[in-house]
Amino acid sequence: MTDVPAIATARPTYDVIVVGARCAGSPTSMLLAGLGYRVLLLDRATFPSDSMRAHFVRHAGVERLARWGLLPRVEASGCPAVRRWVVDLGDFPLPVPAEILDGGDLQYAPRRFVLDAILVEGAASAGVEVRQGFSVQEVLQEDGRVVGIRGRAQGGREVTERAHLVVGAVGAPPYNAQPTLACSYYSYFADVPIDGLNVAYRAERVVIAVPTNDALTLVCVAALISMFQTFRADIEGTFFGSVDQVPWMAERVRAGRRAERWLGSADLPNFFRKPYGPGWALVGDAGYHRDPIPARGISDAFRDAELLAEAIDAGFTGRLPLEAALAGYERQRNEAARPLYEETLARAAFHPFPPEIYAQRAVLRPAA
């Protein structure tokens, strides 16, 4: 690694400070440390720590976990592999090998307290300085440029840390934003025999079930945002009323038992943000957020972590001006995300599937 040009009035202790240690921040930190940079990773949580977020890792994300040497830890956690999908678009359940729908035959749905802890440990093993239970209270700026942060650990004194670049903790106006279209409620069930990812669309809602850690099955109902108050008024009744619209899935879910509390959210915005500026950058949900129905968030965060780490390295080593490198990161992110963004909006609004999809499915329908 070549020397990073001095860009702040006081000498920074770190090349990069990353605020947020989950599925975007930890990989970004780990990759930068692997390139030889001094990286500080901060998070207000202490790990293992759960997060009220979807936790399906599609094949592209699994490939990155393998490339980073972290996939064996996911496998050792006892999370079952997902090798097929069962998809019901209101016509019939169609079993499909995962590789046909997702480009590979291996996917996982690890709990976030499992996956995020693995990612944090991976960053620490790569040489990242990790501070858990640390609250960032202020982003420091000098002459219009971000130069560091001020914050404190739990029960600790306030400290100031400086870096050439801060990833996270900086706001930016959204663009190509769309309103929240859907809400969701979910929980974890024991004794629900589900093989692979099961997805069933019905009018204005979708039921999703997938096996996860501790022999539990995640069962989620997502619906139009207009149903959120109905859900809140009677979570269990609305949830099971939705599941009952899919008899082949309802039989299994009702035979099991709910093992954890209900979780729900209507805070599912859809937007892009400019992911860089003087002395700062964004990665993951902070820079690009979309409804979780297609379950691409974690895999997209992994992709963008690699893109950002590559851009930072190009800028810091002088292969490109840093601003040009970060502009390239935004361009690559958007080129990858935009087609899927439009599809996500269609799914979250529960638009009808095209007739040709049903025609294709009819050809593949198993004999009775």
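For this chain, numbers begin at 1 and follow the sequence in order. Here the structure is a predicted model, which is why all the values come from computation and not from measurement.
Under a 4.0 Å N-O distance rule, the pair E342/R338 does not qualify as a salt bridge. Under the 4.0 Å criterion applied to side-chain N and carboxylate O atoms, R254 and D244 are assigned as salt-bridge partners. The pair D300-R296 does not meet the salt-bridge criterion, since no charged nitrogen lies less than 4.0 angstrom from a carboxylate oxygen. With respect to D91 and R361, a salt bridge is recorded, a charged nitrogen being found less than 4.0 Å from a carboxylate O. A salt bridge does not link E63 with R58: every distance from a Lys NZ or Arg NE/NH1/NH2 to an Asp or Glu carboxylate oxygen is 4.0 Å or more. Salt-bridge formation is detected for the pair D88/R202: a Lys NZ or Arg NE/NH1/NH2 atom is positioned less than 4.0 Å from an Asp or Glu carboxylate oxygen. Ion pairing between R38 and E129 fails under the 4.0 Å rule for side-chain N and carboxylate O. Ion pair R84/E99 not flagged as a salt bridge, since none of the NZ, NE, NH1 or NH2 atoms sits closer than 4.0 Å to an Asp/Glu carboxylate oxygen. Ionic pairing of K274 and E330 is not present here: no N-O contact between side-chain nitrogen and carboxylate oxygen is shorter than 4.0 angstrom.
No donor-acceptor pair under 3.5 Å is formed between the side chain of T217 and the backbone N or O of P211. Here the side chain of N213 pairs no donor or acceptor atom with the backbone of P110 at under 3.5 angstrom. Checking side-chain atoms of D105 against main-chain N and O of A98 turns up no donor-acceptor pair under 3.5 Å.
Side-chain contact between Q132 and D43: absent, with no pair of heavy atoms (C-beta onward) separated by less than 4.5 Å. Contact check for N198 versus M249: side-chain heavy atoms found under the 4.5 Å cut-off.
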(Q) salt bridge (charged side-chain N to carboxylate O under 4.0 Å, His left out) for R22 and D285? Distances and angles first, verdict last. (A) CA-CA 10 Å; R22 294 197 182 268; D285 286 350; over 6 Å; no
Q.
As a quick check of understanding, evaluate salt bridge (charged side-chain N to carboxylate O under 4.0 Å, His left out) for D50 and R112, giving each step before the final call.
A. CA-CA 5 Å; D50 211 354; R112 290 299 296 270; over 6 Å; no
Q.
Using side-chain hydrogen bond (donor to acceptor under 3.5 Å, both in side chains), reason through Y175 and N334 one step at a time and then give a plain yes or no.
A. CA-CA 11 Å; Y175 61 88; N334 289 0; 2.9 Å; yes
Q: Applying salt bridge (charged side-chain N to carboxylate O under 4.0 Å, His left out), run through E310 and R319 and close with a yes or a no.
A: CA-CA 11 Å; E310 291 166 2; R319 298 197 306 274; over 6 Å; no
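Checked against the 6.0 Å centroid threshold, Y14 and Y37 do not count as a close aromatic pair.
Hydrophobic clustering (side-chain heavy atoms under 4.5 Å, transitive across Ile, Leu, Val, Met, Phe, Trp, Tyr) keeps F47 apart from V19.
L282 CG to L326 CG: the interatomic distance, rounded to the nearest 0.5 Å, is 10.5 Å. A distance of 12.0 Å separates CZ of F240 from CD1 of I235, quoted to the nearest 0.5 Å. Atom-to-atom distance recorded for E161:CD and I17:CD1 is 6.0 Å, nearest 0.5 angstrom.
The number of heavy atoms from other shown groups lying within 6.0 Å of CZ (R232) does not exceed 12. Surrounding CD of E251 are at most 12 heavy atoms belonging to other residues, nucleotides or ligands under 6.0 Å away. Counting non-hydrogen atoms of neighbouring residues, nucleotides and ligands closer than 6.0 angstrom, the CZ atom of R131 exceeds 12 such neighbours.
Using cut-offs of 30° and 60° for the angle between ring planes, the F272 and Y341 rings count as perpendicular. Classification of the F271-H289 ring pair by plane angle, with boundaries at 30° and 60°, yields parallel. Below 30°, between 30° and 60°, or above 60°: for Y188 and H55 the angle between ring planes is below 30°, a parallel geometry.
L106 belongs to a hydrophobic cluster whose remaining members, ordered by chain and number, are M30, L31, V57, V62, L65, W68, L70, L71, V74, Y108, F113, V114, L115, I118, L119, I298, F302; membership requires side-chain heavy atoms of ILVMFWY residues under 4.5 Å apart, directly or through intermediates.
Applying the ring pair (Phe, Tyr, Trp, His ring centres under 6.0 Å) rule to F231 yields the partners Y185; only residues at least two apart in sequence or on another chain are considered.
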